[in-house]
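This report refers to the structure that appears directly beneath it.
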Number of protein chains: 2
Amino acid sequence: MAGPNTAWPEEQREEVLRFIERFASQMADAGWQRMPARVVAALMATDSGALTAAELAEMLRVSPAAVSGAVRHLTRLHMAVREREPGSRRDVFYVRDDLWQDVIAGRDRLLDNFEESLTMGVAAVGHDTPAGRRLAESAEFFSFLQKEMVEVLDRWREHREALREGHSGS
Amino acid sequence: MAGPNTAWPEEQREEVLRFIERFASQMADAGWQRMPARVVAALMATDSGALTAAELAEMLRVSPAAVSGAVRHLTRLHMAVREREPGSRRDVFYVRDDLWQDVIAGRDRLLDNFEESLTMGVAAVGHDTPAGRRLAESAEFFSFLQKEMVEVLDRWREHREALREGHSGS
DNA sequence: CATAGAGTTCACGCAATTGTGAAACTAGTG
DNA sequence: CACTAGTTTCACAATTGCGTGAACTCTATG
């Protein structure tokens, strides 16, 4: 019944809550909905990386209904995973370890849509007009960006592996 | 008095408007406010790259007040430029040619804030805890991403130059 | 210095979002 | 098979955001 962070001293608990709110606000600035952002932040800041709906509700001081909505949203976007341990009645929610990597990759798919629309725009204004050239260059930019991001993420995975080995070796 | 696109046949005009709305909607999905997005799309799809407030209002079928608000927002973010030709009473608004490059670079600054908050989070939960390691890795990810993006944008500028020379040469 | 064109500001109202409480649903447990 | 813990769903209330109309400001022109 006690939340997973109950053992923490009061002061530290508050500090963690401050981090959660602050980080969630920044996610909101970046276009996220408030509650899903808070849930993700809470999960990230929990040792096990997993919490039940009730624990989330208590931690974030919101109703179970709000948690339910946020979690549904997150699982739809594959940003959180629901799991129920057999012989238990409560669901547990995880964040995937490479969450942010996936988010960035997902943003990339958005860029793809941009490129598609821009190409439609080029056809609409005419490809041999100043506007057409401007739109075409923008489309090219997003295309370029997308290809580059794939490689950046590949390099990240390498970099991360190196980091992890470094840590276990020290 | 006639808008800059009045000469276009009705059908093409409609097609351009469809592009504007579609592209603006995608920008909205990416976290933009609706009206600023529509203004940017309209400017991009105009040959001169510039329109007056009145022209924007007519093109987007909104009140001058709405245009004023959107444009103020855009100029605050340095995403549009206001200019008044001497001896004229009307302001003209431009989009910068490397608009999207700047937008992406700006997003990068957001990542910087993320990294900062995450580092605070590490301190809050303790750097030698599972949560601390998770937060630290996320911070490292954003840091990595930011450095990589600088290089990606450099490469884009090179790539763009090559493209432009190719076009003028053909 | 009066007039009129161009844009801005502000108070209002409509619409969309978001969180809540209460009831309903689901699945373990005795 | 009733009971109960845990979660979801739904209607509603509160908040926020966004565009409009009307009044206001600023500046070029006669």
Side-chain angles (χ1 to χ4, degrees), chain A residues 1-4 17 20-21 24-25 27-43 50-77 79-94, chain B residues 1-4 17 20-21 24-25 27-43 48 50-77 80-94:
Chain A
M1 31 231 73
L17 289 179
I20 291 173
E21 295 307 327
S25 292
M27 291 171 70
D29 287 346
W32 285 59
Q33 293 182 338
R34 188 160 220 83
M35 277 304 298
R38 296 176 77 205
V39 166
V40 165
L43 290 173
L51 291 168
T52 66
E55 287 165 350
L56 282 166
E58 188 229 331
M59 198 162 176
L60 303 175
R61 310 282 171 103
V62 292
S63 70
V67 172
S68 176
V71 153
R72 178 159 44 87
H73 188 242
L74 290 173
T75 51
R76 287 212 138 276
L77 301 179
M79 306 223 13
V81 183
R82 177 198 309 275
E83 231 172 67
R84 176 170 294 191
E85 295 170 48
S88 165
R89 301 170 200 181
R90 63 215 213 304
D91 290 347
V92 177
F93 302 100
Y94 290 89
Chain B
M1 36 227 76
L17 288 179
I20 291 173
E21 294 307 326
S25 292
M27 289 170 72
D29 288 345
W32 286 58
Q33 293 183 337
R34 187 159 222 85
M35 277 303 299
R38 295 176 78 204
V39 166
V40 165
L43 290 173
S48 60
L51 290 168
T52 67
E55 286 165 350
L56 282 166
E58 188 228 331
M59 196 163 177
L60 302 175
R61 311 281 170 105
V62 292
S63 71
V67 172
S68 177
V71 153
R72 179 160 43 87
H73 189 242
L74 289 173
T75 50
R76 285 212 139 277
L77 300 179
V81 183
R82 177 198 309 274
E83 232 172 68
R84 175 169 294 190
E85 295 171 47
S88 165
R89 303 173 198 181
R90 60 213 214 306
D91 290 348
V92 177
F93 300 101
Y94 291 87

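Because the structure is a prediction, the values reported are computed rather than measured. To find a chain, count down the sequence lines: A is the first, B the second, and so on, and within it residues start at 1.
Base contact: B:Arg89 has a heavy atom under 4.0 Å from a base atom. Base contact: B:Ala66 has a heavy atom under 4.0 Å from a base atom. At the heavy-atom level, B:Gly87 lies under 4.0 Å from the strands shown only through sugar-phosphate atoms. Here B:Arg38 lies out of heavy-atom contact (under 4.0 Å) with every strand. Contacts of A:Ala65 with the nucleic acid, taken as non-hydrogen atoms under 4.0 Å apart, include base atoms.
Residue A:Arg82 has a polar side-chain atom (N or O) positioned under 4.0 Å from OP1 or OP2 of D:dT8.
Straight-line distance from the CD atom of B:Glu85 to the P atom of C:dA6: 13 Å, rounded to whole Å. Straight-line distance from the CZ atom of B:Arg72 to the C1' atom of C:dT8: 8 Å, rounded to whole Å. Atoms CG (A:Leu56) and P (D:dG6) sit 14 Å apart, rounded to a whole Å. The interatomic distance linking B:Arg61 (CZ) with D:dT20 (P) rounds to 12 Å, in whole Å. Computed from coordinates, the B:Arg34 CZ to D:dT20 C1' distance equals 17 Å when rounded to whole Å. Taking atom CD on B:Glu83 and atom P on C:dG7, their separation rounds to 14 Å, with Å as the unit. Taking atom CZ of B:Arg90 as the reference point, atom P of D:dT29 lies 12 Å away to the nearest angstrom. The CG atom of A:Leu60 sits 13 Å away from the C1' atom of C:dG19 (whole-angstrom rounding).
In this structure, the nucleotide among C:dG7, D:dC18, C:dT20 sitting nearest to the side chain of A:Val62 is C:dT20. The nucleotide whose nearest atom lies closest to any side-chain atom of A:Ser63 is, among D:dT20, C:dA6, C:dG21, C:dG21.
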Next on the checklist: side chain to side chain contact (heavy atoms under 4.5 Å, CB included) for B:Trp32 and B:Val40? Distances and angles first, verdict last.
Outcome noted: CA-CA 11 Å; B:Trp32 286 58; B:Val40 165; 4.2 Å; yes

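B:Glu21 is not listed as a side-chain neighbour of B:Leu17, based on a closest heavy-atom distance of 4.5 Å or more. Side-chain contact between B:Val39 and B:His73 is absent, with no heavy atoms from C-beta onward closer than 4.5 Å. Considering only heavy atoms from C-beta on, B:Leu60 comes within 4.5 Å of B:Ile20 through its side chain.
Across all non-hydrogen atoms, the minimal contact from A:Thr75 to A:Arg82 is CG2-N, 4.4 Å.
A residue-by-residue look at A:Gln33 and B:Val92 shows that B:Val92 has its nearest nucleotide of DNA chain C further toward the 5' end.
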